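This report concerns only the one structure given below.
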Protein chains: 2
Amino acid sequence: NHAGALALAARERGIGCFVVMPLNSAQPKIEAVRSYGAEITFCEPNAPARESTLKMLQERTGATFIPPYDAVNTILGQGTALLELIEQAPEPLAAVIAPVGGGGLLAGTAIAADGTNVRVFGAEPAGAADCAQGLADGRRIEHVNAETVADGLRTPVGKLNFPIIQERVEGVIVVSDEEIVQAMKLMWERLKLVVEPSGAAAFAAIRSKAFQELDIKGPVGVIVSGGNVDLSKPLPWI
Amino acid sequence: NHAGALALAARERGIGCFVVMPLNSAQPKIEAVRSYGAEITFCEPNAPARESTLKMLQERTGATFIPPYDAVNTILGQGTALLELIEQAPEPLAAVIAPVGGGGLLAGTAIAADGTNVRVFGAEPAGAADCAQGLADGRRIEHVNAETVADGLRTPVGKLNFPIIQERVEGVIVVSDEEIVQAMKLMWERLKLVVEPSGAAAFAAIRSKAFQELDIKGPVGVIVSGGNVDLSKPLPWI
């Protein structure tokens, strides 16, 4: 999603965009990034390969590195989704909930909520619940053996993001893969939105007993991110 | 779509809603109507059965019949989609295109465009192109052996609607099922919208050579109606 957004933003401003992606990326993500005009360089799906490929690419192109989540400008940029939501909502929000993987979106959302009365929650898949666990333990978990259908949320929460979340987020709701897939199906059927499992996690969380028990009075904003689904494969509820 | 919209509107106003549906209706349509709180009465899938079931139901409930397309209030109601679109569009529309089956949406759109500079076009599947054919012949075609993936557009254009379309619509673009399915897939992938084939017909039409050759200067509004897809079955492009 980060790569697709950057590629589109770069094209609209007429500047070049170079993307490093792991070799095993899903085909629709590759096609989306390419269709927005970015140049893709593939690397082995591990951190050292990603970093050396990035370095090589920067040396060749002189491009500026824009990290996907663990960087101040990225966090602030991702937080603007809540600013837009507040502006567009017909009445004041009582709360907002955003998915948490690397944590940029959730940290940004929490910063954007600063000075408003909007309570902030996160939603995390049970199979990669390092953020919820880290909050319980009082320290960031650096590695996670992620096993969840929500592939966009497998990353452990970032260094910059964790303390922001710790300070500003009221709680992180953990949802099972089954809850995520059911929420995703309901969003497709009733909201007519093509969302990927990661994009349905926050909606799954507000349907959970844990969230219902918070008994929040008033509208709850749900941040839905992203919609990369390989439509040539069977849908996850089949 | 008509049944679902009525059921939802009735529920929001706290009034009863009774829907006659053919026995062979798609499961997601049945579930949507039911989930919005309407009572469904099933009938054999033909016009006489539909009419006798409707009559029986009205005698029992005293409900008012709201026809799906060939009635003044329905036409005017469906036209409000364009009014909303004009209000919400960031710049003035040069044209608008709507799908045509029974013709209520297209006739309503054309009436709503009255007094604006918005040019109005229709989009019809080749396998049920009675409206385009009727316009060419100068008279309404009353029966059609519809064979198209766009099941919402199989109905022949209505008596009231045809003369409105004849007078106010600049042209009806005919699209193949293949063009419809490709447009539908593109809408799912890029717009992240769950639309059914009927809902993708107008988008397919603006991508066609016939429409491109009109060389319209300025934004084109596309009316997208509906999104009933049986998500338990393989998608039409698979």
Side-chain angles (χ1 to χ4, degrees), chain A residues 1 3-5 7-9 11-12 25-38 81 84 87-88 90 152 180-200 202-203 207 222-238, chain B residues 1 3-5 7-9 11-12 25-38 81 84 87-88 90 152 180-200 202-203 207 222-238:
Chain A
N1 294 324
L8 183 58
R11 190 180 66 181
E12 286 188 354
S25 299
Q27 198 54 35
K29 290 201 188 185
I30 297 171
E31 277 167 29
V33 170
R34 206 168 259 157
S35 80
Y36 295 139
E84 288 181 43
E87 210 178 278
Q88 289 168 21
I180 289 175
V181 169
Q182 284 192 357
M184 176 179 165
K185 183 163 185 254
L186 193 62
M187 292 176 86
W188 285 47
E189 284 178 346
R190 291 287 180 279
L191 300 178
K192 311 297 178 192
L193 279 181
V194 175
V195 293
E196 63 186 72
S198 304
F203 186 62
R207 300 178 75 220
V222 177
I223 308 270
V224 176
S225 165
N228 289 299
V229 178
D230 189 341
L231 296 170
S232 65
K233 290 189 184 155
L235 298 168
W237 48 79
I238 292 182
Chain B
N1 294 322
L8 182 59
R11 189 179 68 182
E12 286 188 355
S25 300
Q27 198 55 35
K29 290 199 187 187
I30 297 171
E31 276 167 28
V33 170
R34 205 168 258 156
S35 80
Y36 295 138
E84 288 181 42
E87 211 177 278
Q88 289 168 22
I180 289 174
V181 169
Q182 286 193 354
M184 176 179 166
K185 184 163 186 252
L186 194 62
M187 292 175 85
W188 286 48
E189 284 178 345
R190 291 287 181 279
L191 301 178
K192 311 298 179 193
L193 279 180
V194 175
V195 294
E196 63 185 72
S198 304
F203 186 61
R207 300 178 76 219
V222 177
I223 308 271
V224 176
S225 165
N228 289 297
V229 178
D230 189 341
L231 296 171
S232 65
K233 291 190 182 154
L235 298 168
W237 49 78
I238 292 180

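Residue numbering restarts at 1 for every chain, and letters A, B, ... go by the order of the sequence lines. Side chains included, hydrogens not; waters and symmetry mates left out as well; all remaining heavy atoms used. What you see is a predicted model, and the numbers here were worked out from it, not measured in a lab.
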Note to self: Looking at every non-hydrogen atom in both residues, tell me the closest pair between B:Arg190 and A:Glu31 and how far apart they are.
What the structure shows: NH2-O, 3.7 Å
Margin query: For A:Leu235 versus B:Leu231, what's the shortest heavy-atom pair and its separation?
Written below: CD1-O, 4.0 Å
Notebook entry, point to check: Is chain B contacted by the side chain of A:Trp188, its backbone, both, or neither, given a heavy-atom distance below 4.5 Å?
Noted result: both
Check: At a heavy-atom separation under 4.5 Å, does A:Ile238 approach chain B through its side chain, its backbone, both, or neither?
Finding: side chain
Notebook entry, point to check: Can you tell me how far OG of A:Ser232 sits from CD of B:Glu189, rounded to the nearest 0.5 angstrom?
Noted result: 8.5 Å
